[in-house]
Every structure is written in C-alpha cells, then in structure tokens.
Colleague: 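Input: one structure, supplied below.
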Amino acid sequence: MSTTGTPAAGSTSPDFTIDPGSMRHLAQAQVNVELDTGDMILNLGPQHPATHGTLRLVVRLDGERVISADPIIGYMHRGYEKITEFRTYPQVTTLINRIDWLSSFANEVPFVSAAEKLMDIEAPPRAQYIRTILTELSRIATFLLFLGEMGLQVGALTPAFYGFRDREHILNLIESATGGRFHPNFNRIGGLKDDLPWGWLAEARSAMQVVFDACDTFENLVLGNEIFAARCKGIGIIPAKLGVAYGVSGSNLRASGVDWDLRRDGDPYLVYPELDFKVWTHPDGDSFSRYFVRLQETRESARMVLQCLDAIPAGPVMTKVPLIIKVPAGEVWVENENPLGQMGYYVVSKGGTGPFRVKIRSASFSNISILPWLLQGVYVPDVVTILAGLYFILGDIDR
Amino acid sequence: MMLALEIGWGTTLAIKTLVVLTIIPLGALILGYTFLLKMMSHMQSRLGPMDPGGFHGWFQLVGDGLKFLQKEDIMPAQADRKVFAMAPAVVVLSTFLIFAVIPMGPDLVVENLDVGIFYALAVSSLSVVGVLMAGWSSANKFALLSALRSAAQLIAYELPLLLATVGVIIQAGTLNLQEIVLAQQNGAIFGWSGIGDPFILTQFVGFTLFLVAAQAELSQTPFDMPVAESELVSGYMVEYTGFRFLFFFIGEFGTAFAFAAIAATLFLGGWSIPGVTGDMANILGPFVLFAKLMAVAFLMFWVRFTYPRLREDQLQSLAWKVLIPIGLINILITGILKVAI
C-alpha cells in the first residue's frame, strides 16, 4: 500500500505497445488496438460515501471489473504519536479519544492501563466494572452503526436509520455517565473521573433490551434478506491464514474462522475473566459472515453488560494517585480487543510527566492493508460491499 | 352525453395538453410528498421531514422545491453543453407521453389509441435515452458507468414488462387501454359478474411480474443500480444541480406515477368501480383511478424503502433466467385457458 499521493507501481496507464514479433501483419495489430477497450481509472474518494471519510481508492476498471485497487491513506493524518511526546499522561487520553471516534472510550482503556502498569497501581474493582460496561457499550454503539450502515451500502436505506435510532439509547447512557457522547475522556490514571449517576444501572438495563430488539430487527430485515445474502455471500473472502498474515484482527478475523479474541485469549484485563461470554466465529470469511459475527457480538456485548450490572460492587472509583502524575521509567505493551479489532499501545517512559514515545497499533490500519489483494477481480458494487464489511474508521487508519 | 360540450378541436387539444402537463408534475409531487417524505419518515423513524411547517411537516416539499430553485446552475467545464441541457427534458418528455393514453373515465382519455399499451411501454423506454445523454455529456466516470448500467437494465427489463402485459392483452383481446378497462368492468369470473373481472385475480402472476419489471424500469430499489448512491453517488444525476436536477426528480416520480396508473388500469380495473356507469363514472373515474394507483404506488415504494440493491449481473440473470420464463409460461397458460373456457 502506498501512503503518499502517487499511485503505486502497477497502476500506471495501460500499455498499448504491441510486440511486433507476435503479430503476423499490421492489420492484426490494428484490430487488437481497436478492440481493446482499455482500462478506466476511477477515483473512489477521498470524498465518497463508501469510504466513511477520506480514504481514497484508485481503482483500475475493465468495464465494471476491478483490475487493481490502491488505497491511498493519510488524508486525515494528525500525528498523534508525535504529539503525545509533548503532552502529559492525563492529556494524552484527550488525543486518543479521537483515534477511533465511534468507540472512544474503548481507545482510552488500553493507554490508561499501560500507564497504570508502569506506575504499578490498579484501579479499584468498581472502576474496573464501570470501564468494562462502558467499553462494551461503545462496542455496541459502534456495531449498531455498522449493522445499519452495511444495509445502506448495499442499497437498503431503512436499516441505517434504525441503526442510528437505536444507537442513540447507548450514546445517551454514555453521555449521562461521562458527559460526552463521542469523546468521553472519562478515564483517569488510577480510576475514573466520577461514579455513575443515580438510576444509571436501571437505565442501562432497559437500554440493553432495546439492543436485543434492534439485533432481532437487523436479523430479520438485513441478515435474512435474500438480496442481502446474494450481495454479500462469497464476496470479499479473506482466507484465515492470509488474514493473520496481513494483521487483520477483531471481528473481521473471527469471521474468517480464527477463534481469537483478546478479551478471552489475551492478557487478562478489566473484568473479562469473570464474565461468561461466547466468542463467535464463522467459517466462511466473506462479507456476510462479517455481518453475522458482528450481529452476534452485539448481542454478546449486551449480555456482558447485563452480567456486569448484576455483579458491580460498591466502593470508590479512584485510587490514591499523586496530584502530578510522574510515570517511572520503563516500557510496556498493552493490547485490548477494541470494536474494530486489536488495539495496542507501546508506551516508553523515561520517568517524566509525559511519555517519551508512544506507538499506536490501531486495528483499521492493518485491516485495510488487505484491500489491494481483496479487491482484485471484483465488481464495482462489491468494492462497496467489501469496504462496508471490513468496517474501518478513518481516524483509526490515519491517527 | 351531458358532459360532451360543443368545443372545437383546437380548444380540446389545448385542454388535453394542459391536463397532461399538469398531471405529471402534480402526480410527481403527490408521490414525492406522500411516499418519499411521509411514508418513508414513518417507516424509518426520520424526524426531519416531519418537522417543517408545524402540522406533519407539510412545508418540507415546498422548502425542497424552493431550495432547488435557488441553487446555482452548474455545468461541468468539459460537458457537452447542448446534450447536457437537453437530457433532463428528454427524461421528463417520455413521462408526459405515457400519460396521453391512460383513460380516466369513459370519455376522459387524452388520446384513445388502439395500440395504447404498446405505445405506453414504447415511449417509457425513451427516458433511457435521456439517461444515456446525461451520463455521456456529464464528462464524469460515475455518470458514464451509471448510464451504461441503465441501458443494460432497459434491455433486460423491457421484455418481462411486455410479457407481463401480454396475459392481460390475451384476456381482454385488445391493446386499447380503454377497452381493457371495459373488459374488466363487464367481465365475469367463472360466470360471477358481481365485481366484474379485475385482471389481478386471474393474472396475478402477470401483476407481480409487471411490478417487478416496472421497479427496474423506474430504477427503484432493488434495481436502482443506475442511481446507486452508495457506489456511483447518484450516477447520471451527479453533475446536475438546481432546476435541472428537479427535472430528473419530476421525471423519476412522474414515471412512477404513470406506471402505477398503467398497472392500475391493466390489473385493477382502472377508473371503473362496480355499479357506477355513465356520467357518474366520468366524474368519479379520475378519483377511483387515483385511489387505485396510489395503492399500487404504495407497494412499489414499500419495496423501494425496504430492500437492498441487487448487482447488475444478478439483475440480468434474474431477468433472463427467472422473469422471462415465468412470463412465457404465464402467456402459455393464459392462452390455453382463453381457448378452453
């Protein structure tokens, strides 16, 4: 994948020169030139509804068939990895909220726990539970949007509005707990900013019922639709081995049959070891199975939230930390299962108030690296299906 | 006849032209308002279109219209200017031409053509010429892809559309739309003539085929590949703004209106209701036809708002492998029954 403005080698304009030795006489060469329809280079994006932002795809087309596709990224690069070097640890959480803006809370957690690991402190149990609940809520919010938007990209308008409508319940919950709908900035090193407001647990319980209902609706309206199945089955198949090789992670990889979920298989974090949940996989690896896996994971997340609501202990939400946070020297790698896949931070501290270096491993960047391979030979409508099925957020690619 | 006043042919022509010229934009607005704004808002929990103007968002359509009138008329630098300007007119023209043969009462028909249904289906295909013109002259790759898809779609869907109507034509024994209505009004189902013989009962397969094919003809979901806002960003309309875009909009909904009217005429008995004849039918006819066509349009738009979009190759295989064989079998069975009974 090329990250600059110029298309990679191989996507230059078609070569019409003809090897004279292969032709018997000039007339044949003439016919071949005249009947050769040539390729068309189509620029999908940076302003295109299928690219969720500013991804640009330079697609070489023969009729409607894609010969090659080059994703060109970087239109939204904000240089967060560099900026973190000039910020204190509490300030960094504000930045990383903006990486994957649909599930900001889930972005914060791995960074904060990286800092906590370096300082050798741990958030109190209640804070751990609230973090788990809010992480799962942002996963539900992200997936509800996906479940609707995938319908939109395949041409059905209605599911998109249902997705937005039902996500509103989750965003209201996040807003009433944290004060922010999209960028909560709620985590503190050593705990959380506040406790949950009164009546929040009951509200959350009824909102989970909305999520279950929404999932049933999507299962009937989108997943069970013959046209949707015809458009998505067998489209954009990622073989399991190739997916792993490209660094595809999260639901995209589980849809290829790889039974790997950091909440269960990674370093234990938050309260996931205490929760009872199923990791959904699908053997096919196509766009349809990605939709299936995300639909089931939305339900699974809602079940996890309900379990947390039952088990949440009382107590403080913040441990004792110094007023000015100084992190001891050291290096740590923390990775979490985010809605879009594996999200990790490699934090290097030299003992100051801010990190010396932060490497952000965001899921979408690796997920879309498979696009040039995946888009070869498909039709233009399938490009949109595949882009929608992979489900990336531009902020998560460009950072 | 009480209503047949003494008027010259010039006046008649003027009145007929005026009727057709008002009915199509009016129909387009009615469909746009009822289905696009209101039904869609209810089905999709949209809040915006229910808000402007206070009661039920009645002002939304006026606001949309005013917005289109204010917009700057942009023409791409590389556009083929004359063709680009003509394309929306061609699309709307075909819609006007369809309505000339649809009967709205025993005497209320603009032109009582003997080849009525044949003519209506023929001129409806003209709009594709406009779409091709728009796609080519826009100098835009998305528009070009869309225009080619539209042409491919026309070839695939004109045939099932025609085959679906052949069953009706065999039963009625005429191509004239007025006589098809009369055949339904005076017909009988196995000897019982209480409600006449609306062909939807005997030609149910034909009706379904007609609706599916009409959906493709109108480029509505699930066959809206030429428009495909998530892939081709509205396709052939992508470079059009303001009033020219409004023309496409009127063309789209006007054609839907016309096709719903054709379907109502062919399968639901058109302007006729049981027990009403003579002058009363002339007065009630337009309203009866309107009620029936709204029912058909409701089905069309219901499908449009619910289903995803097929791919172009899937549409072709659906048309050639499923719809056309079904249409042929339907004709065969209708023919056998017509001779046997």
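Everything numeric in this text was worked out from a predicted model, so none of it was measured. So that the names make sense, note that chain A is the first sequence line, chain B the second, and so on, each numbered from 1.
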Colleague: Please classify the contact of B:Met40 with chain A as side chain, backbone, both or neither, using a heavy-atom distance under 4.5 Å.
Modeller: side chain
Colleague: Can you tell if the side chain of A:Ile140 reaches within under 4.5 Å of the side chain of A:Phe143, non-hydrogen atoms only?
Modeller: no
Colleague: Checking A:Ser289 against A:Asp284: is there a side-chain donor and acceptor pair closer than 3.5 Å?
Modeller: no
Colleague: Check the angle between the aromatic planes of B:Phe207 and B:Phe267 and answer parallel, tilted or perpendicular using the 30° and 60° thresholds.
Modeller: perpendicular
Colleague: Can you tell which of B:Phe247, B:Phe243, B:Phe245 makes a ring-ring contact (aromatic ring centres under 6.0 Å, His included) with B:Phe68?
Modeller: B:Phe245
Colleague: Does some side-chain heavy atom of B:Leu161 sit less than 4.5 Å from a side-chain heavy atom of B:Phe259?
Modeller: yes
Colleague: Checking heavy atoms, do the side chain of A:Leu61, its backbone, both or neither come under 4.5 Å from chain B?
Modeller: side chain
Colleague: With a 4.5 Å limit on heavy-atom distance, are the side chains of A:Asp70 and A:Leu371 in contact?
Modeller: no
Colleague: Is any side-chain heavy atom of B:Phe142 closer than 4.5 Å to a side-chain heavy atom of A:Leu42?
Modeller: yes
Colleague: Quick one: donor-acceptor pairs between chain A and chain B, under 3.5 Å, side chains and backbone, table format.
Modeller:
{"residue": "A:Ile41", "atom": "O", "partner": "B:Lys141", "partner atom": "NZ", "Å": "2.4"}
{"residue": "A:His48", "atom": "NE2", "partner": "B:Glu231", "partner atom": "O", "Å": "2.6"}
{"residue": "A:Glu64", "atom": "OE1", "partner": "B:Arg149", "partner atom": "NH2", "Å": "2.9"}
{"residue": "A:Glu64", "atom": "OE2", "partner": "B:Arg149", "partner atom": "NE", "Å": "2.5"}
{"residue": "A:Glu64", "atom": "OE2", "partner": "B:Arg149", "partner atom": "NH2", "Å": "3.4"}
{"residue": "A:Gln153", "atom": "O", "partner": "B:Ser230", "partner atom": "OG", "Å": "2.9"}
{"residue": "A:Val154", "atom": "O", "partner": "B:Arg309", "partner atom": "N", "Å": "2.8"}
{"residue": "A:Thr158", "atom": "OG1", "partner": "B:Gln44", "partner atom": "NE2", "Å": "3.0"}
{"residue": "A:Thr158", "atom": "OG1", "partner": "B:Phe305", "partner atom": "O", "Å": "2.2"}
{"residue": "A:Tyr162", "atom": "OH", "partner": "B:Met43", "partner atom": "O", "Å": "2.6"}
{"residue": "A:Arg165", "atom": "NH1", "partner": "B:Ser45", "partner atom": "OG", "Å": "2.8"}
{"residue": "A:Ala230", "atom": "O", "partner": "B:Gln314", "partner atom": "NE2", "Å": "2.8"}
{"residue": "A:Arg231", "atom": "NH1", "partner": "B:Arg309", "partner atom": "O", "Å": "2.8"}
{"residue": "A:Asp382", "atom": "OD1", "partner": "B:Arg311", "partner atom": "NH1", "Å": "3.0"}
{"residue": "A:Asp382", "atom": "OD2", "partner": "B:Arg311", "partner atom": "NH1", "Å": "3.3"}

